[in-house]
Chemist: 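The structure that follows is given in the form of structure tokens.
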Amino acid sequence: MKKNWFDEKIKKYSLIGGYKKPELLKDAVKLDSNENYVIPKQFQNDLLLSAKKNSDVREYPLGGVERLIDMISKFIKIPSSMIGVGNGSDQILDLILSNFASKDTKVLTSNPTFGFFEERCKLYSIPMIAIPFSDNMELDIKDFIQQSKDTDILYLDSPNNPTGFQFPKTGLQKLIKSFDGLVIIDEAYGEFGDYSLANMVKTHENLIVVQTLSKSFGLAGLRLGYFIANKKFTDTFMSVLQYPYPLSTITIESGILALEKSNLMNDAVENIKTERKRIIENLRKYDSFDVFDSKANFVLFDAHGSYKRVFTALAEQGISIRKLGKIGNHEGCLRVSIGTKEMNSKFLLAIRDLLG
């Protein structure tokens, strides 16, 4: 091995760039990361306090993951033997890619897709075939079925981030049934969409459905993701690929307590769907925007040549949204998360003042 191999590796990785996180604006109305602020802060404080009482962080969380998986099993009504957990759904996806994909496997996905997944494929030199969205930010299932014949792994985030698009259920089911390779359906935003495909795992051994408590339960900071897959994969993943202790004691206990209060999550999701509709309808009042339908907890819109000005003007008023720029034929894309009614109203009022 060359003496400078270490420096060459660092140089190679530095060129990839990595996943881009939004800038942190102090004291801003934070609508840039698809977090759930509808879940009351007091509930989260009580949750952490109760989790702390149930924990002794001097000890490793022996048996904790198993108790959490049992609670997830009750919540999604799928056997615990088909459920695994990870330090956020990001880590689950990373472990799948690093162990089941290589430069000799081809991944079929959409363009755009979840940025972290795309960057991980670059990191591991995994070839990607990405089918672009139409001008209306929609995908044609026929394109995927055709392209899938020459690929090994199919990855779709459903609903998609950052477009908010979700295939009609029958179409996505058809695609999965036609594909013989590994299928990964990322349902990080699934609760805000029209359906979940988790039950398909019972009849399709090549299917892995990834979900999370970050979005719908408002637990992004605890990093708690999980997946549903056939028992053989799940056993191997949890006993061989996954870390011995992938979740902290506090995360485990908080997750269990949150799942016990899933009715609060359901109410928050319905609230977000209502507010999502309000934001879409209000943004569509402006001729200068193209606003796309969404099945997630955010809305994507194209502000065309003025997108940088809109982004900066909002930031100056203490409102942080996501600046994405070019997506397909749309040059000025911005994405706004759905917050509380008050947060959303501040955003809409700022837009009105800017464009009125």
Side-chain angles (χ1 to χ4, degrees), residues 34 36 65-93 95-96 100 109-110 113-114 117 141 144 153-161 164-179 181-217 219 224-238 241-242 246-247 255-256 258-260 262-263 265-266 268-270 272-273 295-297:
N34 307 335
N36 184 349
V65 162
E66 289 76 12
R67 289 192 298 111
L68 174 61
I69 287 174
D70 285 342
M71 185 59 69
I72 294 172
S73 173
K74 292 176 183 176
F75 172 63
I76 62 176
K77 297 179 174 58
I78 286 179
S80 57
S81 61
M82 302 177 75
I83 300 169
V85 297
N87 191 247
S89 57
D90 304 359
Q91 190 237 5
I92 294 169
L93 293 171
L95 285 176
I96 293 172
F100 289 90
T109 187
S110 63
T113 189
F114 178 33
F117 183 89
I141 206 78
F144 279 87
I153 298 173
L154 171 64
Y155 171 83
L156 286 172
D157 42 351
S158 175
N160 172 266
N161 178 20
F165 172 81
Q166 187 177 37
F167 278 116
K169 185 176 182 180
T170 53
L172 190 49
Q173 286 174 325
K174 181 180 179 181
L175 174 60
I176 292 169
K177 291 173 182 177
S178 71
F179 188 69
L182 172 61
V183 181
I184 306 169
I185 301 298
D186 185 345
E187 294 187 347
Y189 299 94
E191 285 86 356
F192 307 103
D194 292 334
Y195 63 87
S196 169
L197 293 183
N199 275 311
M200 278 191 77
V201 170
K202 297 174 182 177
T203 53
H204 292 75
E205 295 212 334
N206 62 329
L207 175 62
I208 302 170
V209 175
V210 181
Q211 300 183 346
T212 180
L213 271 66
S214 293
K215 313 299 181 185
S216 57
F217 279 89
L219 299 180
L224 205 175
Y226 62 96
F227 68 86
I228 305 105
N230 73 77
K231 184 179 183 303
K232 192 190 307 182
F233 172 85
T234 302
D235 286 345
T236 302
F237 185 97
M238 292 303 294
L241 306 183
Q242 185 54 282
L247 303 176
I256 290 171
L259 288 162
E260 289 176 349
S262 60
N263 60 313
M265 179 277 292
N266 291 329
V269 166
E270 290 307 310
I272 288 168
K273 287 181 178 180
K295 299 295 182 181
N297 68 336

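Heads up: numbering here begins at 1 and tracks the sequence.
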Chemist: K169 versus L172: any side-chain heavy-atom pair under 4.5 Å?
Modeler: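 No; the side chains remain at least 4.5 Å from each other.
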Chemist: I need the minimum non-hydrogen distance between I69 and G84, along with the two atoms involved.
Modeler: CD1-CA, 4.4 Å
Chemist: Quick check: do I208 and V183 have side-chain heavy atoms less than 4.5 Å from each other?
Modeler: no
Chemist: Rounded at 0.5 Å granularity, tell me how far CD1 in I228 sits from CG in L207.
Modeler: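 Going from CD1 on I228 over to CG on L207, the span is 9.0 Å.
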Chemist: Return the CG to CG distance between L154 and L182, rounded to the nearest 0.5 Å.
Modeler: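 Between atom CG of L154 and atom CG of L182 there are 8.5 Å.
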Chemist: Report the distance from atom CD of Q242 to atom OG1 of T236, rounding to the nearest 0.5 Å.
Modeler: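 Here the rounded value is 13.0 Å.
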Chemist: For residues 190-200, which residue pairs qualify under salt bridge (Lys or Arg N to Asp or Glu O under 4.0 Å), counting only residues two or more places apart or in two chains?
Modeler: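 Qualifying pairs: D194-K295.
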Chemist: Answer yes or no: is there a side-chain heavy-atom contact under 4.5 Å between N36 and K215?
Modeler: no
Chemist: I want to know whether Y155 and F114 have ring centres closer than 6.0 Å.
Modeler: no
Chemist: Answer whether the closest heavy-atom distance between the side chains of N230 and T234 falls below 4.5 Å.
Modeler: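 They are not in side-chain contact.
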Chemist: Which heavy-atom pair separates S216 from V269 by the least distance, and what is that distance?
Modeler: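 Minimum heavy-atom contact is CB-CG2, 4.1 Å.
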Chemist: With side chains defined as the heavy atoms from C-beta onward, is the minimum distance between I184 and F227 less than 4.5 Å?
Modeler: no
Chemist: Show me, pair by pair, the donor-acceptor contacts under 3.5 angstrom made by side chains of residues 70-81, not counting sequence neighbours?
Modeler:
| unit_1 | atom_1 | unit_2 | atom_2 | d |
| --- | --- | --- | --- | --- |
| S73 | OG | I78 | O | 2.6 |
| S73 | OG | S80 | N | 3.4 |

Chemist: CD1 of I83 to NZ of K231: how many Å apart, nearest 0.5 Å?
Modeler: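 It is 13.0 Å, given to the nearest 0.5 Å.
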Chemist: Once side chain to side chain donor-acceptor pair (under 3.5 Å) is applied, do any residues pair with K202, and if so which ones, sequence neighbours excluded?
Modeler: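 Expected list: N199.
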Chemist: Just by distance, do the side chain of N206 and the backbone of F179 share a donor-acceptor pair under 3.5 Å?
Modeler: yes
Chemist: Yes or no on side-chain contact (heavy atoms from CB on, under 4.5 Å) for M200 and I176, after CA distance, side-chain angles and deciding distance?
Modeler: CA-CA 9 Å; M200 278 191 77; I176 292 169; 3.9 Å; yes
Chemist: Show the nearest heavy-atom pair for residues P159 and A296, with the distance to one decimal.
Modeler: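 Scanning both residues completely, I find the closest heavy atoms to be CB-CB, 4.2 Å.
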Chemist: In terms of side-chain heavy atoms, does N160 have a donor or acceptor partner in D157 at a distance below 3.5 Å?
Modeler: yes
Chemist: Would you mind reporting whether I92 and V85 have side-chain heavy atoms less than 4.5 Å apart?
Modeler: no
Chemist: Once side chain to side chain contact (heavy atoms under 4.5 Å, CB included) is applied, do any residues pair with A258, and if so which ones, sequence neighbours excluded?
Modeler: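 Here the qualifying residues are L47, F217, L219.
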Chemist: Strictly distance-based, threshold 3.5 Å: is any side-chain N or O of T113 a donor or acceptor partner for the main-chain N or O of N161?
Modeler: no
Chemist: From L213 CG over to M265 CE, what is the distance, rounded to the nearest 0.5 angstrom?
Modeler: 8.0 Å
Chemist: Please examine the side chains of L156 and D186, heavy atoms only from C-beta on, and report whether any two atoms are closer than 4.5 Å.
Modeler: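 SC-SC contact between D186 and L156 ruled out.
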Chemist: Would you check if the distance from the ring center of F100 to the ring center of F233 is below 6.0 Å?
Modeler: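 Ring centroids of F100 and F233 are less than 6.0 Å from each other.
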Chemist: Which distance, rounded to the nearest 0.5 Å, do you find between the NE2 of H204 and the CD1 of I185?
Modeler: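 These two atoms lie 11.5 Å from each other.
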Chemist: So do the side chains of Y226 and T212 get within less than 4.5 Å of each other, counting heavy atoms only?
Modeler: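 In short, these two side chains do not touch, never coming nearer than 4.5 Å.
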Chemist: State whether the number of non-hydrogen atoms from other residues, nucleotides or ligands found under 6.0 Å of K273 atom NZ is greater than 12.
Modeler: yes
Chemist: Considering residues at least two apart in sequence or located in another chain, which fulfil the side chain to side chain donor-acceptor pair (under 3.5 Å) criterion with Q166?
Modeler: S158
Chemist: With sequence neighbours left out, write down each residue that passes ring-ring contact (aromatic ring centres under 6.0 Å, His included) with F165, or none if nothing qualifies.
Modeler: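 Counting only residues at least two positions away or on another chain, F165 forms a ring-ring contact (aromatic ring centres under 6.0 Å, His included) with F133, F167.
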